[in-house]
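Beneath this line is the structure, given in structure tokens, with notes to follow.
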Amino acid sequence: MLKFNQFTKLKVLILISVHFIAFFVSFYGIHKNSFTLGDEALHARVVQDIAENDNWLEPKVNNEIYRSKPPFKMWITAIYVKLLGQSTFSYRVYDGLISYLFLILMFYIARFYYQSNLVSLSVFLSLIGSRALFQEHGLREGTQDPMLLYLLTVAILTSYNYISIYSDITIRSKKGLIVGGLLGLAFLVKSVAVVPAYIVIFAIPYLNTFKFSSYKKYLRFYFEILIVSFLVAAPYLFYRQYLDPHFFKIFFGHEVARRAVTGFHNTHLPFYYLEAIFDDNKFINPILVILSILVLSFRLRVSILSRFLLFWAFSPIILYSLAKSHLEWYIFISLPALSLMIGFSLKFLSDINYSNYLKFRYLSAVIRPLIFLLFAVCISINLWRTWPDIKKIKENKFDSLAQIPELNRYKLFLSKNADFTVGEDLYIDFFVNERINSVADIEMSISKGLEVISILTPDDLSQLVSQHKPSHY
């Protein structure tokens with residue numbers, strides 16, 4: 001009979017706990033919130049058209065072809081909707097699965113790099129403590145970003161492991177085909193948002209040796225990446241252009257060029273991402289980020305991994321800072337690297353033999369526990385701040401009415417136990433009775449009640465108020 005010692009039992013307990021926590025934060029209450037105003041509602045409308053009308057190649061919103069984003073992730077979600085029926089859960093279950101796989105991937109890759117369950121746990125928990133990952137466009141929302149983050153992370157890590165760790169063993173492997181396939185699928189998820197991953201992957205040989213001649217060894221690898229990613233993405237793109245002459249103009253012109261050159265969001269904030277990274281209320285704890293930057297910079301000349309992680313973490317931030325549009329989820333691709341930097345610095349600082357550097361040797365026995373305490377406190381603070389975003393059920397249901405989909409008489413994806421205010425009920429009546437064409441036509445401000453600014457005429461408002469007799473009008 002196999003006997004487990006105490007150390008083995010602890011390792012098993014850690015692994016079970018990691019899987020449980022990853023599953024819990026990925027799926028807890030994922031079905032309870034209604035869709036909010038924004039991209040999740042828009043994408044759900046696209047998915048519904050695919051699922052109900054089988055418009056797989058030319059999905060529509062408001063009877064107009066949706067050209068802004070590629071459909072690959074929406075296709076997958078539509079399959080779940082077909083299997084499970086119309087519900088908030090069916091629209092988000094795939095995102096919950098991707099969230100779980102992403103968190104588990106990061107734990108095990110940290111374990112592979114650092115050979116420590118405790119360090120791997122710090123990487124894992126630092127990601128969960130990143131509030132932005134559990135807010136708009138985060139891991140639990142029905143947008144393209146969770147799948148994009150997962151595909152790009154796997155592609156980057158596969159490339160680094162192949163080039164920097166296994167290059168002498170598996171030089172004839174087909175890793176380029178795998179990475180190219182992942183990047184091609186990522187393009188079909190969110191188009192040119194794959195560019196930061198290409199930059200990181202193509203920089204790895206130079207980061208290893210600081211010599212451009214090192215690329216000769218990997219020409220086949222990069223050739224495979226380019227060819228396969230093109231072959232995966234091109235058929236859909238050119239087929240859509242063939243069917244719709246305006247496709248490329250909107251797909252690249254509006255969605256890509258205008259975001260980069262003109263901008264839609266936070267255009268007046270050139271240091272938006274640096275401020276976000278060092279904001280203790282958004283991403284990984286800034287104290288640990290600063291400490292990790294210092295540690296990795298100290299190890300820059302002797303550690304390939306430190307150079308790789310620093311480049312991966314900050315090249316997307318620099319790239320997107322040069323564009324005009326600035327949104328937090330653009331730099332989600334930096335978070336895996338930042339979390340691995342936390343693990344790197346904890347591993348390095350905890351492995352130092354401080355007795356060799358301190359006059360009073362008894363101090364060396366104190367420093368290591370203090371280091372672990374510092375990391376534990378910083379990560380715990382961020383976890384404490386993230387927890388409300390994970391468990392939050394929106395109290396103001398009007399803010400999260402599913403304007404999605406106007407198809408099939410405006411199905412509303414609402415919590416089963418939703419309690420509506422009079423103002424919310426009034427709006428539902430107005431919306432379901434099809435007196436407007438789409439929620440995109442509505443400009444609104446939401447406070448404690450309902451205020452529709454530009455759609456209701458005085459006669460409409462008087463009629464609706466007389467029907468519902470809301471107390472706050």
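Computed over heavy atoms, backbone and side chain alike; hydrogens, waters and symmetry mates excluded.
In this structure, S99 contributes its side chain and D95 its backbone to no donor-acceptor pair below 3.5 Å. At distances below 3.5 Å, not a single donor-acceptor pair connects side-chain atoms of W75 with backbone N or O atoms of L57. Using a distance-only test at 3.5 Å, with no hydrogens or angles considered, a donor-acceptor pair links the side chain of S126 to the main chain of S122. Between the R385 side chain and the R131 main chain, no donor and acceptor come within less than 3.5 Å of each other. Panel note: side chain R140, backbone V25; a donor-acceptor pair is recorded below 3.5 Å. Formation of a donor-acceptor pair under 3.5 Å by the Y222 side chain with backbone atoms of G176 is not found in this model. At distances below 3.5 Å, not a single donor-acceptor pair connects side-chain atoms of R92 with backbone N or O atoms of E141. The closest donor-acceptor contact from the side chain of K82 to the backbone of A51 lies under 3.5 Å. Side chain of S26 to backbone of Y100: a donor-acceptor contact under 3.5 angstrom is found.
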Exercise. Applying side-chain contact (heavy atoms from CB on, under 4.5 Å), run through I277 and I331 and close with a yes or a no.
Key: CA-CA 9 Å; I277 287 295; I331 61 167; 4.0 Å; yes

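Note: Y218 and Y162 have perpendicular aromatic rings, judged against thresholds of 30 and 60 degrees for the angle between ring planes. Classified by interplanar angle (parallel below 30°, tilted 30° to 60°, perpendicular above 60°), the ring pair F27/F23 is tilted. Ring geometry for H43 against H137 counts as perpendicular: the plane angle is over 60°, on a 0 to 90° scale with 30° as the lower cut. Using bins of under 30°, 30° to 60° and over 60° for the plane-to-plane angle, the ring pair Y80/Y94 lands in the tilted bin. Note: Y273 and H326 have perpendicular aromatic rings, judged against thresholds of 30 and 60 degrees for the angle between ring planes.
The two residues F311 and V200 have their closest heavy-atom pair at CE2-CA, 3.8 Å.
Y206 meets the side-chain hydrogen bond (donor to acceptor under 3.5 Å, both in side chains) test with no other residue; sequence neighbours excluded. Partners of S120 under the side-chain hydrogen bond (donor to acceptor under 3.5 Å, both in side chains) rule, at least two apart in sequence or in another chain, do not exist in this structure. Residues passing the side-chain hydrogen bond (donor to acceptor under 3.5 Å, both in side chains) test with Y113 are N161, sequence neighbours excluded.
Rounding to the nearest 0.5 Å gives a distance of 13.5 Å between CZ of F202 and CG of L207. Summarising the geometry, atom CG belonging to L127 is positioned 3.5 Å from atom OG belonging to S339; distances are rounded to the nearest 0.5 Å. In this structure, I379 CD1 and L125 CG are separated by 6.0 Å, a value rounded to the nearest 0.5 Å.
No salt bridge links D145 with K73; every basic N to acidic carboxylate O contact stays at or beyond 4.0 Å. With respect to K69 and D39, no salt bridge is recorded, no charged nitrogen being found less than 4.0 Å from a carboxylate O.
Here the rule is side-chain contact (heavy atoms from CB on, under 4.5 Å) with I342, and of L309, N285, L288 only L288 fits it. Remark: of the listed residues F332, F102, Y150, F102 is the sole one forming a side-chain contact (heavy atoms from CB on, under 4.5 Å) with L139. Of the residues T158, I163, V179, L152, the one that meets the side-chain contact (heavy atoms from CB on, under 4.5 Å) test with I201 is V179.
Residues Y330 and Y320 bring their aromatic ring centres within 6.0 Å.
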